[in-house]
Amino acid sequence: MEFNVLVEYFRAQIRGDPDVASAVAAIRSLLEFLRRDQSETILGLRENMTQAIRRLEETDSSVAVSSGGELFLRFISLTSLEHPDLSQCKNVMIERGELFLKKISLSRGKVGKLCHTFIKDGAKILTHSSSRVVLKVLENAAADNKRFTVYVTESQPDSAGKRMAQKLRKLNIPVMVVLDAAVGYIMEKVDLVIVGAEGVVESGGVINKIGTYQMAVCSKAHNKPFYVVAESFKFVRLYPLNQQDVPDRFKYTADILKTVKDLNQEHPMIDYTPPSLITLLFTDLGVLTPSAVSDELIKLYL
Amino acid sequence: MPGADKETDLSERIESFLSELKRCGSGAGSLRGSAETARETTALLRRITAQARWGNAGELMEIIRKEGRRMTAAQPSETTVGNMIRRVLKIIREEYARSRGSSEETDQQESLHKLLTSGGSSEDNFRQHFTHLKANVIEAINELLTELEGTTDNISMQALEHIHSNEVIMTIGRSRTVEAFLKDAARKRKFHVIVAECAPFCQGHEMATSLCKEDIETTVIPDAAIFAVMSRVNKVIIGTQTVLANGGLRAVNGTHTLALAAKHHSTPLIVCAPMFKLSPQVPDTPYNHTKLKSVDTILYIHILSKVNAHCPVFDYVPPELITLFISNIGGNAPSYIYRLMSELYHPEDHEL
């Protein structure tokens, strides 16, 4: 399969179903690539895979695609260890890949079910930018006949918060859009903060749209619980110690990385929130404290 | 018929246990303390395993789950009942897996690794019949009972590592575990204990009298004096009713105040809690006081009906205020509690 065809397939997945997580679309495309791959050896297959993942990351530079790709690569390595013969290995891989895809498509539903019990009647919730997982959680809570209000930050520079507000209005949830600068002002009114994540790093911190760190610091100052909802395929093997440590390839969109010469003039789209500011993480593996995240990653990559 | 007799005998015992549970909330029942409740629950579960009619592990787990739901509904604040039920369910799963000879005895949890490598259906519906399953499960439950009996001793054995001579220790209310802990240290060391009386039931007074009998220098203080006295305290050692999944506590009211005062003075806060108090619940709000006691016993003057009086029984203490958990398996940090929980309970049993 040509890499251009792969990229087209990936873009078609996202166009066809705008609600799908970008990592799921990436893994689906990689599975299709695996099916059509013509390599004769496992090493050749692995090399093709690595290149394919790199091409996908160039198309969509979000952390989720990178973590999805790495997970898939790990999946290939683990399976190939069990079956050294290529043709047998390939069949097993495709079968397991389908199963894996089915499971992770259900992840968002699992997270939604776990988290919505934490939203009490009459709660005021603050969220940041537009996250499909947070939307699912709020949808479940509303379906449970709970009354709550949502404050969403505008989330410049792409005003993603306004899109989130529209989606919430369709669900008949009272919502108010606030300026990014108004987070400190509004924090005393809210009961809890729920945000999504583009990536969950090894320390238990999260990488998310810029402005999340600010919100976390404010909520810590006001002693409000700060919850993160994320599916498990977003766990990524990074360990940033501060904002500078996050690699440039995640900070900016794919187009900017390709066209702009001096990245210092550009503004990053994401920031890193350290684990000390996070109360709990809701994932499809259960409700985790930030210290449990690295355990999960170790179990996988050991 | 002996079969029918056994069944009626079993249901009678279950009913009497349920009524005991309902009464122990008001202090009138015969079950004193969580350790006894845990032991009684486990003994009852062993009896159910031995006497109830079941063909395979799945049926046994259904029976236990059903009875478990009734027991937890009878006394929701007594979390040890639910914990023991979950332990036994995990024992059944393990014994079943061992009988099948499957290699997945260690990692039964959902994990990223399992997501990637599981081939085919990992849905085990426990329908296979094994002849020795009953005997194995009962033996494992007996081991659990032995473990339960030794918990207080295991905790007290660690006392000498934590309490040094001429130290001032503060505690609140009455905890049998802390009492045994302090008494064990007192055999070899001389130290001073300050007990906060823990109004309105003032169980701190009983604790102080009991400690005095072992020649430990004890002082009783009212709850309002906790902050004032804290600057002279070296360590705070408390017990708890439940340890929650995030490392927080549900303890007797007044504990949160004590924890905040200790944090302010940077005094280490040590919690002595046996493993059977570990519960998979997470506090959904920090203000979730579900149990209030009647105030008639404490208000000595007749207050006009326009005044509301609340008397919550439990406090939530967040994990950031706790330094160390001492349990029968050793000392652990609050951030490690999730790991201990994954070893004790299976995630599918968190919701009975």
Side-chain angles (χ1 to χ4, degrees), chain A residues 67 71-79 81-83 92-93 95-97 99-104 107 110 113-115 117-120 123 191-192 204 220 223-225 231-235 275-276 279-280 282-293 295-302, chain B residues 103-104 106-123 243-248 256 260 263 278-290 316-322 325 332-351:
Chain A
S67 72
L71 210 59
F72 197 74
L73 206 57
R74 183 73 187 155
F75 162 64
I76 303 248
S77 317
L78 285 173
T79 322
L81 283 174
E82 292 175 34
H83 307 270
V92 174
M93 269 191 222
E95 190 190 316
R96 281 199 195 163
L99 205 66
F100 178 47
L101 210 55
K102 214 186 303 174
K103 276 195 203 167
I104 59 178
S107 306
K110 279 195 211 167
K113 255 200 305 189
L114 260 183
C115 189
T117 47
F118 280 61
I119 300 176
K120 299 281 167 203
D191 296 314
L192 66 152
K220 185 84 179 182
N223 253 323
K224 308 281 176 176
E231 304 100 312
S232 62
F233 52 76
K234 289 181 176 162
F235 286 13
S276 50
T279 319
L280 286 175
F282 294 88
T283 69
D284 50 331
L285 304 172
V287 181
L288 304 175
T289 50
S291 42
V293 171
D295 226 13
E296 282 300 327
L297 278 167
I298 290 176
K299 273 194 253 179
L300 174 64
Y301 285 105
L302 197 59
Chain B
S103 54
E104 41 157 318
T106 41
D107 210 3
Q108 297 200 340
Q109 319 277 19
E110 277 293 319
S111 75
L112 279 181
H113 187 102
K114 196 159 167 256
L115 271 183
L116 292 186
T117 56
S118 63
S121 166
S122 55
E123 289 303 302
V243 179
L244 301 165
N246 64 341
H256 196 175
L260 285 169
K263 185 79 178 191
L278 190 56
S279 163
Q281 293 170 8
V282 194
D284 23 18
T285 48
Y287 325 107
N288 197 8
H289 300 295
T290 49
Y316 166 68
V317 183
E320 303 86 61
L321 301 175
I322 304 168
F325 276 102
N332 288 302
S335 56
Y336 199 62
I337 291 291
Y338 77 90
R339 183 64 183 266
L340 296 173
M341 229 193 32
S342 68
E343 286 171 19
L344 290 179
Y345 311 124
H346 194 274
E348 280 175 29
D349 298 331
H350 287 343
E351 288 284 323

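The sequence lines fix the lettering, A, B, ..., with proteins before strands; numbering per chain opens at 1.
Interface remark: A/Leu280 contributes side-chain atoms only to the contact with chain B (heavy atom separation under 4.5 Å).
Rounded to the nearest 0.5 Å, atoms CG (A/Leu288) and OG (B/Ser342) are 10.5 Å apart. Here the OG1-CD distance, from A/Thr279 to B/Glu320, works out to 7.5 Å after rounding to the nearest 0.5 Å.
With hydrogens and angles disregarded, no donor-acceptor distance shorter than 3.5 Å links the side chain of B/Ser335 to the backbone of A/Ser291.
A/Val287 places none of its side-chain heavy atoms less than 4.5 Å from the side chain of B/Tyr338.
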